[in-house]
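Atoms within a ligand are numbered from 1 in the order they appear, just like the ligands themselves.
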Amino acid sequence: MIANYHTHSRWCGHAVGEIEDYIRTALSEGFEELAVTEHVPHRGDPDNHRMPWADFLPFNKALNKAIEEYGDRISLLKGFECEYMPERMDDYRMFREEYGYGIMILGHHIVGPDHSIFMFARNKPDYAVRLYADEVCEGLETGFFDFLAHPELLLMHYAPGFDKESERSLRQIYACCEKLNIPIEINGAGYVSGRPYPSAEALEMSKEYDLTYIINMDAHDPELLTKPYYSQVEAFASGLGIDPVPRYFADRH
Ligand SMILES: [Zn+2]
Ligand SMILES: [Zn+2]
């Protein structure tokens with residue numbers, strides 16, 4: 001593995017390690033490119049899954065400092081992992097245009113017209129699977145997002161598992177990614193912790209579409225950027241006959 005485009009840090013409140021710890025690990029593993037992509041802050045702080053809005057400026061300063069310090073040894077990119085929420089797109093655009101957050105990942109963790117359903121909630125309704133697909137596709141249609149994180153997040157705590165309903169939603173998402181030429185992620189954090197994503201069944205089915213795949217560790221701990229972890233995910237992908245792009249963003253940003 002030579003690049004990772006999905007990296008968190010202690011700033012989001014549920015990851016460990018400073019930004020520099022992830023960069024140093026990436027360097028010692030011989031990575032050529034690393035994107036730091038925290039959960040995007042939301043004005044008004046409606047939930048605690050991300051850094052408080054007021055932390056953005058100090059976070060940005062710390063990230064710029066790290067880029068200054070290490071940027072000559074590894075290509076370091078700024079980005080955010082974002083839920084698609086139409087009313088927040090102006091803030092997302094501000095991060096991109098005014099602060100240089102060039103990689104915007106769609107990581108759609110919250111669904112529903114009032115953003116009340118958390119995809120990780122054990123008791124979420126089964127129809128969240130359909131909402132998720134509709135909202136993901138609507139978000140991708142904006143053209144704002146660079147790739148889709150963990151497409152199979154809809155399987156999280158969805159008791160029926162890979163059934164007709166989740167298959168339909170996943171097909172909807174894959175067709176949309178194919179049409180818009182948006183890469184999908186094979187999520188390392190999910191794989192190493194035994195979550196329902198990435199899903200071998202779903203990925204097998206995804207091969208019916210013309211898709212680009214990126215392996216990302218979704219690191220919430222610098223350890224995840226080390227070989228014992230990422231080599232498992234690489235083996236998983238190659239076992240499915242999937243050939244992910246090694247360095248997707250080179251020369252793009
Ligand atoms: Zn996270
Ligand atoms: Zn993430």
In terms of relative ring orientation, are Y174 and Y209 parallel, tilted or perpendicular, with 30° and 60° separating the classes?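 Ring orientation, 0 to 90° scale: tilted.
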Check the angle between the aromatic planes of H6 and H150 and answer parallel, tilted or perpendicular using the 30° and 60° thresholds.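 The arrangement is tilted - the two ring planes meet at 30° to 60°.
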Have a look at R96 and tell me which of D91, D146, D90 forms a salt bridge (charged side-chain N to carboxylate O under 4.0 Å, His left out) with it.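 Per the salt bridge (charged side-chain N to carboxylate O under 4.0 Å, His left out) rule, the option paired with R96 is D146, out of D91, D146, D90.
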Intermediate values then yes/no, ring pair (Phe, Tyr, Trp, His ring centres under 6.0 Å), H220 and H8: CA-CA 5 Å; H220 287 71; H8 298 276; 4.1 Å; yes
So, is H14 placed with an N/O/S atom under 2.8 Å from the Zn ion (ligand 1), counting both backbone and side chain?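 Checking H14: at least one N, O or S atom is under 2.8 Å.
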Within-4.5 Å side-chain heavy-atom neighbours: F145 and I105: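 F145 vs I105: side chains apart.
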Taking the side chain as every heavy atom from C-beta outward, state whether R195 and F120 have any pair of such atoms under 4.5 Å apart.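 Yes; the side chains approach each other to less than 4.5 Å.
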Keeping to distances under 2.8 Å, can you name the protein N/O/S atoms close to the Zn ion (ligand 2)?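 Near the Zn ion (ligand 2), below 2.8 Å, one finds H6 NE2, H8 NE2, E81 OE1, D218 OD1.
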